[in-house]
Amino acid sequence: QVQLVESGGGLVQAGGSLRLSCAASGRTFSNFRMGWFRQAPGKEREFVALISQSGGSAYYAESVKGRFTISRDNAKNTVSLQMNSLKPEDTAVYYCAATPSSRVVVTPPAYNYWGQGTQVTVSS
């Protein structure tokens, strides 16, 4: 089992920044690729970003590329999402998730463990 707890969400004006963090506990953190997803009201959960087990590779949804940066600290069992130049359409509940896969996986069913989510609201 892996327990994931997100933090760092909040209300920010368009153009602002937020940094989300996800703390992991349980099984060996460095064995898992970590992803961030988001879900807006009435919409399906969508992929945002993914980082490899070592942190050497990262992948982003086109909608956030160049604005968001995912990173991880395997010594501290944390993964973070730095979000810059936020837009109202970034408003959603953001979830971190863990998968043992070594492939680039962007669909929620591929992830075994999920956090409870943190709300991000971007005002115009």
Write down the atom of V93, the atom of G117, and the distance for their closest heavy-atom approach.
CG1-CA, 3.8 Å
Measuring only between side-chain heavy atoms, which start at C-beta, is D90 closer than 4.5 Å to M83?
no
Closest non-hydrogen atom pair, A98 against L4:
N-CD1, 3.9 Å
What side-chain donor-acceptor pairs closer than 3.5 Å can you find for residues 7-23, not counting sequence neighbours?
residue, atom, partner, partner atom, Å
S17, OG, N84, OD1, 2.9
R19, NH1, Q82, OE1, 3.3

Can you find a heavy atom in the side chain of N112 that is under 4.5 Å from one in the side chain of F32?
no
Under 4.5 Å between side-chain heavy atoms, hopping through other hydrophobics if needed: is there a path connecting F29 to L50?
no
Can you find a heavy atom in the side chain of R33 that is under 4.5 Å from one in the side chain of V104?
yes
To the nearest 0.5 Å, tell me how far T99 OG1 sits from Q53 CD.
8.0 Å
Given 3.5 Å as the limit, does a donor-acceptor pair link the side chain of R67 with the main chain of S85, or not?
yes
Nearest heavy-atom approach of L81 to A49 is CD1-CB, 4.2 Å
Exactly one candidate in E89, E6, E46 meets salt bridge (Lys or Arg N to Asp or Glu O under 4.0 Å) with R38; the answer is E46
Could you tell me the separation between the SG atom of C96 and the CD1 atom of I70, rounded to the nearest 0.5 Å?
9.0 Å
Same apolar cluster (I L V M F W Y, side chains within < 4.5 Å links), V48/Y113
yes
Hey, could you give me each pair passing ring pair (Phe, Tyr, Trp, His ring centres under 6.0 Å) that has a residue in residues 52-107? Not counting sequence neighbours.
none
Rounded to the nearest 0.5 angstrom, the OG1-CE distance for T78 and M34 is 9.5 Å
Who pairs with F37 by ring pair (Phe, Tyr, Trp, His ring centres under 6.0 Å), at least two apart in sequence or on another chain?
F47, Y111, W114
